[in-house]
Number of protein chains: 2
Amino acid sequence: MARKSGSHSEITGPRIKQAALELFARHGFAAVTMRQIAATVGVQAGAIYNYTPDKQALLFDLLDGHMLDLLRKWSVELVPIDPIAALDHFVAFHLDFHIKRPELVFISYMELRNLTEINFKVIVEKRRIYEKIIHNLILSGVTSGDFSVPDPKITSLALIALLTGPVDWFREDGRLTSDELTRQYCALTRQALGVSAQA
Amino acid sequence: MARKSGSHSEITGPRIKQAALELFARHGFAAVTMRQIAATVGVQAGAIYNYTPDKQALLFDLLDGHMLDLLRKWSVELVPIDPIAALDHFVAFHLDFHIKRPELVFISYMELRNLTEINFKVIVEKRRIYEKIIHNLILSGVTSGDFSVPDPKITSLALIALLTGPVDWFREDGRLTSDELTRQYCALTRQALGVSAQA
DNA sequence: GATTGATCTGAACGTATGTTCAGTTAATAT
DNA sequence: ATATTAACTGAACATACGTTCAGATCAATC
């Protein structure tokens, strides 16, 4: 055997994924060509096919990896039992996770339709699992009397939209630190869920 | 002259726009071909060029028309002076306008990057004007003491994200009527802006 | 019924696409 | 030194793209 360590593949593979991510986010999946990705990495288009079977797999791996990362990271969080504390915890987690991955969040939202039917279903199922987390969280707060919302299902969808919004405008080097962002969104969501002023 | 009235152009033109809108929304601007649009309308690809100079203009006209429509419709609204009533009015207006045009809202958010630089600036400027409306509305409520928010600028951005979210999931024939949706989102935004419980 | 001109067809244009693959390169192991 | 083979090149493949345009079509006008 030749080229075990010191091989380029260990560096070229991730670089292709990274280039695909950035280009898909900036120009859209359909508008990006394999040659553009290759040029960004510094290889010829043919070389990409040593690392992915086709363009579709390149997109799917990015989205599926993103959702797996999200679910795995949440599964090891230590979530408080108290609904209000749990809400704060979720808000902080969701904001932190999403703000650190603006490109992945963006393409996960808007390149779903470019997935094949099978790949689409895989991603949607993972998303459904995540939505269930916040839904259950709201339900437990309503049951305990800590939250006051007219419709937990709608509120959970609204909350995700609210908490994902900052991805569009938050900048790490902006006038707002991520800590301040979290504090403000904790207050905002508490108000939105009708948590009484003290606590 | 021949063919003044009874001309096909009066019907084909709008049909091309409509087909482009639906296809752009479903598959993305870059993924849609002129031949697909033509086939949807029932003409050959070449015929489209009687109605638009190129594919780019097709996209721009949709987005610019959408923003013009939004700003014009708001400009003739009779907005209450009282900040809380004005907020309710804005929430109802924004939800109603956006829910009725899910495809336009979707492509306005995600096809911006496929505009040429000049066209991009035109749309972003119109969007800025709209954002200023809700920003000023919040500022007036904070000044009057009706609202309690830590940062009006961030809150205005969060509010737009919150109020545009339903476009993704609201269905006219779903279990929620648009009136109920409006009522719930009025309550949700009041809570989010810290409006005290009575009123 | 001949003329007009807006509307549309159908083929062609140059260029670009995703993907394949025979062959070159170069780092490792013997 | 030689053999081995992962990694990559560069050209080619069939197909598709946006756009153009000479000519066909046909309803309204004279």
Specify the separation, in whole Å, of atom CD1 of B:Ile37 and atom P of D:dC17.
11 Å
Nearest to the side chain of B:Lys55, heavy atoms from C-beta on, is which of C:dG18, C:dC8, D:dG18?
D:dG18
Spacing of B:Tyr49 atom OH relative to D:dA22 atom P, expressed in whole Å:
17 Å
Of the listed nucleotides D:dC8, D:dA12, C:dA12, the one nearest the side chain of A:Arg35:
D:dA12
Taking NZ, NE, NH1 and NH2 as the nitrogens, is one of them in B:Arg128 or B:Glu125 under 4.0 Å from a carboxylate oxygen of the other?
yes
What is the distance from CD of A:Gln56 to P of C:dG18, rounded to the nearest Å?
13 Å
Taking 4.0 Å as the cut-off, does a side-chain nitrogen or oxygen of B:Tyr51 come that near to OP1 or OP2 on C:dC8?
yes
Among D:dT19, C:dT19, D:dC17, the nucleotide that comes nearest once only the side chain of B:Met34 is considered
D:dT19
Taking the inter-plane angle between the rings of B:Tyr109 and A:Tyr109 on a 0 to 90° scale, is it parallel (under 30°), tilted (30 to 60°) or perpendicular (over 60°)?
perpendicular
If you compare every side-chain N and O of A:Thr12 against the phosphate oxygens of D:dA7 (OP1, OP2), does one of them come in below 4.0 Å?
no
To the nearest angstrom, the CG-C1' distance between B:Asn50 and D:dC21 comes to 11 Å
Remember a base hit wins even if backbone is also touched, and classify B:Val32 as base, sugar-phosphate or nothing at under 4.0 Å, heavy atoms.
sugar-phosphate
From the options C:dC8, C:dG18, D:dT19, select the nucleotide whose nearest atom is closest to the side chain of B:Ala47.
C:dC8
Does OP1 or OP2 of C:dC8 have a side-chain N or O of B:Gln44 closer than 4.0 Å?
no
Both conditions, 6.0 Å and 45 degrees, for the charged tip of B:Arg183 above the ring of B:Tyr185: are they met here?
no
Can you confirm if the aromatic rings of B:His135 and B:Tyr130 lie within a centre distance of less than 6.0 Å?
no
Would A:Lys73 and A:Phe93 count as a cation-pi pair here, with the cationic atom under 6.0 angstrom from the ring centre and within 45° of the axis?
no
Whole-Å distance separating the CD1 atom of A:Ile48 from the C1' atom of C:dT17
13 Å
CG of A:Asp54 versus P of C:dT19: gap in Å, rounded?
5 Å
